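Values in this document were obtained by computation on a predicted structure and should not be read as measured data. A note on names: the letters A, B, ... follow the listed sequences, proteins ahead of strands, and every chain is numbered from 1. Only this structure's heavy atoms are used, side chains among them; waters, hydrogens and symmetry mates stay out.
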Amino acid sequence: MLNFGYCCINLTLQKSGVVTSRTMRKATFLEKGITYASQLALANVTDLKKIIEWNAAKNVKVFRVTSELFPWSSEYSLSDLPDYKRISDILLECGTLARVSNIRLSAHPSHFVKLASSKENVVKAAIKDLETHSEFFDLMGLEASHWNPLNIHIGCSFSEEASAKFCDNFYRLSPNLQKRLVVENDDKGSCYSVQQLHQYITEKIKTPITFDYFHHSFHTQGVPEREAALLAAQTWRDKLPLFHYSDSKKIYEEFSGNPRAHADYIYNKIVEHVPCDIDLEAKAKELALLKYRNN
DNA sequence: CATGGTCAAGTGGCA
DNA sequence: TGCCACTTGACCATG
């Protein structure tokens, strides 16, 4: 029932040059434009397929796809890419391989996605970014559901206004994107806890809650972990929840910096409060997953 | 060809 | 006021 996954990067394959987040700086994009962006995107999706093949071979059933497949995608439409046909074909191969291998794919659009922002230009950019994710999920042939979720944070301090803004803007999203979107609890006291997401977001727009164990530990609002996990789990209705887990680098790896920093590996036995899949947000990526699974 | 300084974006927290 | 962190380091000028 429960499967573990890892996020975006495969360190084993990376050593032989397999990466999915090739990008470029602004000056390079201005100089080389969409033609070069297309080349990088083609190389990225080509390598994405290799990672999914690796996952299938290693029986890894949950994987988060990078949000950097398409460099500077805010500046163009995917269908404008010169290599669009080849890219689409490879993405469909990726999605098909994932489906027949029963691998659950997801994505986590960046912290710059602020759907609750009071600035219209910020909201527009957020929508564009999210729609691009939904579009390449469509190109992979993934079903439009929370089985393949697009996970984001509310991204600002909790308030009635921000909550209303987020919910209003949710209805500006395309139907497939609405069916994929899920929201994650934050680790800062001023931001959205599981309870606040539930009351002010999910109650209104039915968006499932991604329970992040580590974030919750910094912002419980008095709700015990088990209770928060159960509250989040019930929002997924007929789909198995997809949660996030990481351990503190400061506590387990003699690191003196930010206690919120993620450790390379998993050190605790993860308490499975409910049936769910879990993304391990560990810096050692698939190595951390294999190590945890072998224990 | 290795490396370290630098790099699109929003927001909040902290020194 | 300015820097850091965040789902993920990668780019590229310099030596």
Side-chain angles (χ1 to χ4, degrees), chain A residues 5-11 13-14 17-32 36-37 39-41 43-44 47-48 51 62-76 105-130 132-133 149-159 161-162 165-166 169 181-192 210-215 218-219 242-246 248-250 255 257-262 264 278-286 288:
Chain A
Y6 65 102
C7 305
C8 309
I9 293 168
N10 183 300
L11 295 176
L13 295 176
Q14 189 177 55
V18 174
V19 292
T20 59
S21 54
R22 295 173 183 84
T23 183
M24 62 189 131
R25 295 187 179 174
K26 186 174 187 179
T28 307
F29 181 63
L30 292 175
E31 182 192 336
K32 300 186 172 178
Y36 186 50
Q39 291 171 18
L40 293 180
N44 284 339
D47 283 353
L48 174 63
I51 294 179
V62 179
F63 179 68
R64 180 187 301 171
V65 179
T66 181
S67 290
E68 298 191 331
L69 278 183
F70 298 94
W72 291 93
S73 64
S74 56
E75 308 303 312
Y76 54 82
L105 299 179
S106 67
H108 191 340
S110 91
H111 45 285
F112 296 110
V113 172
K114 307 287 187 187
L115 218 42
S117 175
S118 57
K119 300 169 190 166
E120 176 60 14
N121 63 315
V122 174
V123 174
K124 278 206 169 75
I127 293 173
K128 164 80 171 165
D129 191 311
L130 289 169
T132 298
H133 279 82
L150 296 175
N151 174 67
I152 59 173
H153 291 264
I154 304 301
C156 61
S157 295
F158 168 80
S159 71
E161 299 71 34
K165 193 86 183 163
F166 188 94
N169 288 333
L181 201 73
V182 302
V183 292
E184 176 179 350
N185 59 306
D186 241 306
D187 63 358
K188 290 186 215 149
S190 69
C191 299
Y192 283 72
T210 299
F211 176 65
D212 185 306
Y213 287 72
F214 194 40
H215 291 167
F218 292 101
H219 187 26
L242 177 54
F243 289 170
H244 296 172
Y245 187 92
S246 49
S248 170
K249 190 171 190 64
K250 189 167 196 170
F255 171 68
N258 191 337
R260 289 173 172 80
H262 294 189
D264 293 344
I278 297 182
D279 275 337
L280 300 181
E281 293 181 334
K283 294 295 185 187
K285 304 297 177 187
E286 87 285 358

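- Aromatic ring centres of Tyr245(A) and Phe214(A) lie farther apart than the 6.0 Å criterion allows.
- Rounding to whole angstrom units, NZ of residue Lys26(A) and P of dC7(B) are separated by 12 Å.
- OP1 or OP2 of dT7(C) sits under 4.0 Å from a side-chain N or O of His153(A).
- When distances run from any side-chain atom of Arg25(A) to the nucleotides dT7(C), dG12(B), dG5(B), the shortest one goes to dG5(B).
- The nucleotide whose nearest atom lies closest to any side-chain atom of Val122(A) is, among dT8(C), dG10(B), dG12(B), dG10(B).
- When the P atom is used for both dT8(C) and dC7(B), the distance is 23 Å, rounded to whole Å.
- Each of dA8(B), dT7(C), dT11(B) was ranked by its minimum atom distance to the side chain of His262(A); first place goes to dT7(C).
- Searching all strands for a Watson-Crick or G-U wobble partner of dC3(C) with both distances below 3.5 Å returns dG13(B).
- Nucleotide dC12(C) is matched to dG4(B) when pairs are restricted to Watson-Crick or G-U wobble geometry with both distances under 3.5 angstrom.
- A salt bridge is absent between Asp264(A) and Lys285(A); no separation between the charged side-chain nitrogens and carboxylate oxygens falls under 4.0 Å.
- Rounded to an integer number of Å, the gap from CD1 of Ile152(A) to C1' of dT8(C) is 17 Å.
- Checked against dC12(C), dA10(C), dG10(B), the side chain of Gln14(A) finds its nearest nucleotide in dA10(C).
- Taking every side-chain heavy atom of Thr23(A) into account, dC11(C) is the closest of dT8(C), dT11(B), dC11(C).
- In the set dT11(B), dG10(B), dC11(C), dG10(B) carries the atom at the smallest distance from any side-chain atom of Phe112(A).
- In this structure, of dG12(B), dC12(C), dT8(C), it is dG12(B) that holds the atom nearest to the side chain of Lys188(A).
- Of all nucleotides listed (dT11(B), dT8(C), dC12(C)), dT8(C) comes nearest to the side chain of Lys283(A).
- When the P atom of dA5(C) is taken as reference, atom NE2 of His108(A) falls 17 Å away, rounded to whole Å.
- Per the geometry, CE belonging to Met24(A) stands 16 Å off P belonging to dA9(B), to the nearest Å.
- Side-chain N or O atoms of Trp72(A) include none that pairs as donor or acceptor with a backbone N or O of Thr23(A) at under 3.5 Å.
- Atom pair Asp129(A):CG and dC6(C):P shows a separation of 19 Å (rounding to whole Å applied).
- In this structure, the nucleotide among dG13(B), dT7(C), dC7(B) sitting nearest to the side chain of Ser190(A) is dG13(B).
- With both ends at atom C1', the span from dG5(B) to dT7(C) equals 24 Å, rounded to whole Å.
- Side chain of Ser67(A) to main chain of His108(A): a donor-acceptor pair is present (N/O by atom type, distance under 3.5 Å, no hydrogens or angles).
- Using cut-offs of 30° and 60° for the angle between ring planes, the His153(A) and His215(A) rings count as tilted.
- Regarding contacts with the backbone of dT11(B), a side-chain N or O of Ser117(A) is found under 4.0 angstrom from either OP1 or OP2.
- For the residue pair Thr20(A)/Asp47(A), the side-chain donor-acceptor check at 3.5 Å is not satisfied.
- Side-chain nitrogen and oxygen atoms of His215(A) include at least one within less than 4.0 Å of the OP1 or OP2 phosphate oxygen of dT7(C).
- With dA8(B), dG10(B), dG12(B) as the choices, the nucleotide that has an atom nearest any side-chain atom of His111(A) turns out to be dG10(B).
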